[in-house]
Amino acid sequence: MFKEGKKISDYYVNKALQLYLEGLTYREIERVLGVSHVSVLNWVKKYKVKRPERTNYHPSYKILNAAELANYFKDTENLKGSGAIVTELGDKFMLIKWERFKD
């Protein structure tokens with residue numbers, strides 16, 4: 001459940017902070033989770049979350065169902081020269097990918 005009374009579920013708070021640490025912007029997190037970017041900003045401040053400084057770094061992400069995710073990983077070319085994290089989003093999965101050693 002997204003909201004528990006007037007409070008947003010801890011699941012969404014944790015997921016938003018996780019996505020923030022992975023490099024997504026506040027507005028991207030808003031689009032993915034449906035949580036206000038202002039709420040995400042407030043949680044980052046409240047919990048004093050700091051991500052490492054990365055000047056030319058921004059991950060790409062995809063929202064996939066289980067079958068699509070399995071097909072994605074079948075093709076090893078999809079992950080050569082990059083790092084990836086998969087996180088659950090309800091009945092779907094988010095694949096976060098970034099290139100290594102990008103100048």
Residue pairs passing the salt bridge (Lys or Arg N to Asp or Glu O under 4.0 Å) test where at least one lies in residues 32-50, sequence neighbours excluded: none
Selection residues 68-82 - residue pairs positive for salt bridge (Lys or Arg N to Asp or Glu O under 4.0 Å), sequence neighbours left out: E77-K80
Atom pair CD1/CG of I29 and L17 - distance to nearest 0.5 Å: 8.0 Å
Atom pair NZ (K62) and CG (N78), whose distance is rounded to the nearest 0.5 Å: 7.0 Å
Rounded distance (nearest 0.5 Å) linking atom CG of L64 with atom CZ of F93: 9.5 Å
All pairs passing ring pair (Phe, Tyr, Trp, His ring centres under 6.0 Å) where residues 25-53 contributes a residue, at least two apart: Y20-Y26
Nearest non-hydrogen partners of A16 and V40, listed with the distance: CB-CG2, 4.1 Å
Inter-residue atom distance L41.CG - S36.OG, 0.5 Å rounding: 9.0 Å
Qualifying residues under side-chain hydrogen bond (donor to acceptor under 3.5 Å, both in side chains), relative to Q18, sequence neighbours excluded: K15, T87
Pairwise distance CG(L24) to CZ(R31) - rounded to 0.5 angstrom: 9.0 Å
Considering all heavy atoms, the nearest I8-V13 contact: O-CG2, 4.2 Å
Close side-chain approach of E22 to Y61, heavy-atom, < 4.5 Å: no
For A84, all residues meeting side-chain contact (heavy atoms from CB on, under 4.5 Å), sequence neighbours excluded: L79, L95
Interatomic distance, D91 atom CG to N65 atom CG [nearest 0.5 angstrom]: 8.5 Å
Partner residues of I63 under the side-chain contact (heavy atoms from CB on, under 4.5 Å) criterion, sequence neighbours left out: V32, L89, K92, M94
Considering all heavy atoms, the nearest V35-S39 contact: CG1-CB, 3.9 Å
